[in-house]
Number of protein chains: 4
Amino acid sequence: MPESPRPAPKAGRPRDRHIDRAVIAATLEIQEEAGYAGVSLEAVARRAGTSRPAIYRRWPGRAHLLLAAIADRLDVPEPPDTGCTLCDIGESFNVFVAAYRTIRPEVLSALYAECAPDPELRGRYLRTIVEPARQAVGRTLDRAIARGDLRAGVDRELLLDMVGSLVHYRAMFGRAHLADDEAERAIEVLLRGAAADYAALVEHSEALEREHLDRPGVRHARASRP
Amino acid sequence: MPESPRPAPKAGRPRDRHIDRAVIAATLEIQEEAGYAGVSLEAVARRAGTSRPAIYRRWPGRAHLLLAAIADRLDVPEPPDTGCTLCDIGESFNVFVAAYRTIRPEVLSALYAECAPDPELRGRYLRTIVEPARQAVGRTLDRAIARGDLRAGVDRELLLDMVGSLVHYRAMFGRAHLADDEAERAIEVLLRGAAADYAALVEHSEALEREHLDRPGVRHARASRP
Amino acid sequence: MPESPRPAPKAGRPRDRHIDRAVIAATLEIQEEAGYAGVSLEAVARRAGTSRPAIYRRWPGRAHLLLAAIADRLDVPEPPDTGCTLCDIGESFNVFVAAYRTIRPEVLSALYAECAPDPELRGRYLRTIVEPARQAVGRTLDRAIARGDLRAGVDRELLLDMVGSLVHYRAMFGRAHLADDEAERAIEVLLRGAAADYAALVEHSEALEREHLDRPGVRHARASRP
Amino acid sequence: MPESPRPAPKAGRPRDRHIDRAVIAATLEIQEEAGYAGVSLEAVARRAGTSRPAIYRRWPGRAHLLLAAIADRLDVPEPPDTGCTLCDIGESFNVFVAAYRTIRPEVLSALYAECAPDPELRGRYLRTIVEPARQAVGRTLDRAIARGDLRAGVDRELLLDMVGSLVHYRAMFGRAHLADDEAERAIEVLLRGAAADYAALVEHSEALEREHLDRPGVRHARASRP
DNA sequence: TGCTAAGCGAGACGGTACGTCCCGTCTTAAT
DNA sequence: ATTAAGACGGGACGTACCGTCTCGCTTAGCA
C-alpha cells in the first residue's frame with residue numbers, strides 16, 4: 001500500500017494506481033542497485049515508465065518518495081510475550097536489527113540526512129522508520145515494568161534509546177550489524193543496570209528453559225553466569 | 001592548518017596557500033548558513049574567489065573537503081583523571097557531546113551519508129570524526145578496568161559504542177542533545193550493568209566529594225540511592 | 001457574436017453563453033497585453049474564470065480560438081465607388097491597411113504560422129482574415145475593368161495580390177505601415193503598369209476634383225505628372 | 001559554417017565543432033520532417049546526440065537556432081547582368097523565389113512569427129533571410145537606373161518591396177509559389193509602371209534575343225504586345 | 001410532474017518541453 | 001611541470017502547459 005503524503009484529491013481524474021506501485025518499485029530497485037545517489041527522480045521516472053511531474057504530484061521530493069518506499073517495505077516483527085523478561089527483552093535488539101536490516105545502511109543515513117533539515121520531514125522519518133520498532137520494544141518493556149522486573153524509576157524512553165541507538169549506530173557505522181553475542185552482552189549490561197533483581201531474572205529464564213523445550217521462534221538470552 | 005589530502009607535487013608552479021585557507025573558510029561559512037545542501041563546490045569556489053578545478057586539485061570531492069573543514073574545527077576535550085570512576089565515566093557523555101556539538105546535526109548526518117558508500121571515505125570519517133572522542137573515553141574506561149572497577153569480561157568496545165551511539169543518536173535524531181539528568185541516568189544504568197561493585201563506586205565517589213570541594217570542571221554523577 | 005466552430009449539440013444541458021463571451025474577451029485581452037506567446041489556453045481559461053475543457057468543447061485549439069476572436073473584431077471598410085478609378089483604387093491600400101491594423105502584426109504572423117500546417121485551418125484563415133479585404137478591393141477592380149480602364153488581359157488576382165502582399169509585407173516586416181506617399185507611388189506604378197490609358201485616368205481624376213470639392217472620406221491619388 | 005550568434009569565448013575549453021554541425025543538421029532534419037512545431041530543443045538535442053545546455057550555450061533559443069540553421073542553407077543566386085533590363089529584372093522574381101524555396105512556407109511563417117516580437121531577432125531575420133535576396137535584386141535595379149531605363153524619381157526601395165513582398169506573400173500564403181507566367185505578368189505590370197520607355201525595353205530585349213541564341217541560364221521576359 | 005440521460009462545469013491527470021544549476025573535465029596562458 | 005581560471009559537455013532539477021479523463025451537477029425532453 002504505497003502511501004503518498006500528497007493525498008489524492010477527491011475531484012478530477014483519479015490517479016493511476018499502477019503508477020504509484022511502479023514508482024515505489026522503481027525507487028526500491030534503484031536504491032538497491034545504485035545506492036541513494038542513484039535515486040534521481042529522473043531515473044525513477046524513467047524506470048517506472050512514467051514522467052517526473054507524475055511523481056511530484058504524489059510526493060514533494062526525493063526524500064518523501066524514498067521515505068514512502070522504504071516505509072512500504074519495513075517489517076517490524078512483534079517481539080514475543082513469553083513471560084520471560086530476559087528472553088523478551090533479549091529479542092529487542094532483533095526487532096531493531098530486523099527493522100533496519102531491510103535498508104542498506106548508507107541509504108538509511110543518506111535518507112535521514114536529507115530529512116534532517118526539514119522538521120516536517122524529520123518528523124515523518126521518526127514516525128515511519130524509527131517509532132514502529134521503538135514502540136514494539138516499548139510494549140515489551142512495559143510488560144517487564146508491569147511485572148515489577150525493572151527497578152522503580154527506570155527511564156523507559158532512555159532505555160529504548162539505548163537499545164535503538166546501539167543498533168542504529170552499528171547499522172550506520174558498520175562494524176557490521178550487531179553480532180548475536182554482542183547483543184547478548186549488551187542486554188546483560190542493560191538489564192544488570194535496569195533490573196530490580198537481575199539474578200532472579202536469569203533464574204526464571206533458566207527455569208523456563210528447563211521446563212519445556214525451546215518453543216520455535218523464541219530464543220533465550222543465555223546470559224553468562226556471574 | 002587545512003590538511004589537503006592531495007599532496008602538492010614538488011615540481012612546477014607551487015600552490016597558492018591562500019586558496020587552501022579561503023576554501024576551507026568558505027566551506028565552513030556556507031555549511032553554517034545554508035546547511036549541507038548549500039555546500040556545492042560551485043558555491044564554495046565562488047565565495048572563496050577561486051575556481052572549481054582549484055578545489056578539485058586539493059580535495060577529490062565535496063565530502064573530502066567538508067571532512068577536512070570540519071575536522072579542522074573539531075575539538076575533543078580530554079576527560080579528567082580524578083581517580084573517581086563514577087565521575088570520570090560520567091564525563092564520557094560530555095566528551096562525545098562536546099565533540100559533536102561543534103557540528104550541526106544535519107550536517108553531521110549528511111556528511112556521513114556521503115562518506116558511507118565509499119570505504120576509503122568512511123574510514124577517514126571514522127578516524128577523523130568518531131575515533132578521537134571514542135579513544136578519549138576509551139582511555140577513561142581503561143583506567144577503570146585497570147583499577148578493577150568493572151566486571152571482568154566486560155566488552156570495552158561495546159561499552160564505548162553504547163555511550164557513543166546514544167550521544168550520536170540524539171545528536172542526529174534530535175529529541176535535542178542528551179539532557180544532563182538523562183546522561184546521569186544512562187551512566188547509572190551502564191555502570192550498574194558493568195561495574196564489579198556499583199555500590200562501592202558510589203560510596204567512593206561520595207567519599208571523594210566530601211573530602212574536597214568539587215574541583216572545577218569535574219562533575220560528579222549523583223546517582224540516586226537504591 | 002462569437003462564432004463557435006463547434007456547434008453545441010441539441011440534447012443535454014445547454015452551453016453557458018457567458019463562457020463563450022468571456023473566453024473571446026479574455027483571448028483578445030491577453031493577445032493585446034502579452035502577444036501571441038502569452039495566449040495559452042491555460043491563461044485564457046484562468047482569465048475567463050473557466051476551465052480548459054470548456055474551451056476545448058467550443059474550439060479545437062488555440063489557433064481556432066484566436067482566429068475566431070480576431071475575426072470577431074475585424075472590420076473591413078467598403079472602398080468607395082466614386083467613378084474615379086484612380087481614386088477608388090488608391091483607396092485599396094487603405095482597405096488592406098485598415099483591415100490589418102486591428103491586429104498586431106506579430107500576432108498576425110504567429111496566428112498564420114499556427115494555421116499554416118493545417119489545410120482546414122489555413123483555409124479558414126484565408127477565408128476569415130485575408131479574403132474580406134481582398135474581395136472588397138476586388139470589387140473596385142471589377143468596376144475599373146468593367147469601365148475598360150484596365151488593359152485587357154490584366155490578371156485580376158495577381159493585381160490583388162500585389163496590393164495585398166505589399167501591405168501585408170510591410171505590416172509584418174515593419175518599416176512601419178505603408179506611408180501615404182509610398183502608397184501613392186505604389187499605386188502610380190501599378191496603374192501605369194495596368195491601366196489601358198494612365199494619362200486619361202489622371203485627367204479624369206483631376207476633372208472630377210475640379211468639378212466638386214472633395215467629398216469627405218474620398219481621397220484622390222495625386223499622381224505626379226509625367 | 002554554422003554561425004552561432006553566441007560567439008565562442010577565447011578562454012577556456014573550446015567548443016566542439018562537431019556539436020555545432022550536428023545541431024544545425026538535426027534542426028534542419030526535424031524541421032523538414034515535423035515542421036516548425038516539431039523543432040523543440042529537446043528533440044534537436046536528442047537527435048544531435050547532445051544536451052540542451054550545449055545548444056543554449058550557442059544560441060539563446062529556438063528562434064535563433066532555426067534562423068541560423070536556415071540561413072546556413074540559404075542560397076541566393078546572383079541575378080545576371082546581360083545588359084537587357086527586361087531580362088535582368090525578369091530574373092528578380094527568380095532570385096526571391098529561389099531564396100525562399102529552400103524553406104517550407106509554414107516554417108518560414110512560424111520562424112518569422114517567433115522573431116517578430118523581439119526587435120533584435122526581427123532585425124536578424126531581415127538581415128539574414130530577407131536582405132540577401134533584396135540586395136541582389138537591388139543591384140540589378142541600380143544598373144537599370146544607371147542606364148536610365150527607369151523613370152526618374154522611381155522609388156527603388158518601394159520597387160524592391162513590391163517584388164519581394166509578392167514572392168514572400170505567395171511563399172507564405174501558398175496559392176503555391178509564383179508560377180512562371182504569373183511572374184512575367186507581374187514584371188510587365190511593374191516595368192510598364194516604372195520604366196521610362198517600356199516599349200523600348202521590349203524592343204531592346206527582342207533585338208538581343210535575335211542577335212544570339214538564348215544564353216543558358218538567361219530567360220527573357222516575353223511580354224505580350226499591347 | 002417526475003425520471004432519465006446527455007452534456008455541462010471544473011479539477012486533476014499523465015506527459016512533453018522548458019530554461020537553469022551544478023558537476024566533473026578539458027584547455028589555454030601564466031608562473 | 002604544474003598552476004589558476006574559464007568554459008565545456010552533460011545529468012538532473014522543478015515548473016508551465018498541453019490535451020484528456022473523470023466526477024458530480026444541471027437541465028431538456030420523455031413518460
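Predicted, not measured: the structure shown is a model, and the values here were computed from it. To find a chain, count down the sequence lines: A is the first, B the second, and so on, and within it residues start at 1.
- Donor-acceptor pairing under 3.5 Å, judged by distance alone, is absent between the side chain of C:Arg15 and the base of E:dG7.
- Comparing D:Pro9 and C:Arg46 by the nucleotide of DNA chain F that holds the closest heavy atom to each, the one mapping nearer the 5' end is D:Pro9.
- Between the side chain of D:Arg104 and the backbone N or O of D:Glu32 there is at least one donor-acceptor pair closer than 3.5 Å.
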Between the protein and nucleotides 27-31 of chain E, are there any N/O to N/O pairs under 3.5 Å, and if so, what are the atom names and distances?
none

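- B:Tyr56 and B:Gly61 make their closest contact through CE2-CA, 4.5 Å (heavy atoms, listed as atom of the first residue, atom of the second, distance).
- Rounded to whole Å, the distance from CD1 on C:Ile55 to C1' on F:dT20 is 15 Å.
- Distances from the side chain of B:Ala54 to the nucleotides E:dG14, F:dA4, F:dC13 place F:dA4 closest.
- Of all heavy-atom pairs spanning D:Val44 and D:Thr27, the tightest one is CG1-OG1, 3.6 Å.
- Along DNA chain E, the nucleotide closest to D:Gly38 and the one closest to B:Val39 are compared, and the more 5′ of them pairs with D:Gly38.
- C:Gly49 comes within contact range of the sugar-phosphate backbone alone, with a heavy-atom separation under 4.0 Å but no base atom that close.
- Going from atom CZ of D:Arg52 over to atom C1' of F:dG14 covers 12 Å, rounded to whole Å.
- Side chain of A:Arg58 to main chain of A:Ala54: a donor-acceptor pair is present (N/O by atom type, distance under 3.5 Å, no hydrogens or angles).
- Between the C1' atom of F:dG14 and the CZ atom of A:Arg6 lies a distance of 11 Å, rounded to the nearest Å.
- Without hydrogens or angle criteria, B:Arg122 side chain to B:Ala116 main chain gives a donor-acceptor distance under 3.5 Å.
- A donor-acceptor pair is defined here as one N or O able to donate and one able to accept, closer than 3.5 Å; no such pair exists between the side chain of B:Arg124 and the backbone of B:Cys115.
- Each of E:dG14, E:dC22, F:dA4 was ranked by its minimum atom distance to the side chain of B:Glu42; first place goes to E:dC22.
- Rounded to a whole Å, the CG atom of D:Leu41 is 13 Å from the C1' atom of E:dT20.
- Here D:Arg58 lies in heavy-atom contact (under 4.0 Å) with sugar-phosphate atoms only.
- Using a 4.0 Å heavy-atom distance criterion, C:Arg62 is classed as making no nucleic acid contact.
- At whole-Å resolution of the value, OH in B:Tyr56 and C1' in E:dC26 are 14 Å apart.
- For the pair B:Thr50 and F:dA5, the criterion of a side-chain N or O lying under 4.0 Å from OP1 or OP2 is met.
- Checked by atom type and distance alone, the side chain of B:Arg15 pairs as donor or acceptor with a backbone atom of B:Arg57 at under 3.5 Å.
- The distance from atom CZ of C:Arg17 to atom P of F:dT26 is 20 Å, rounded to the nearest whole Å.
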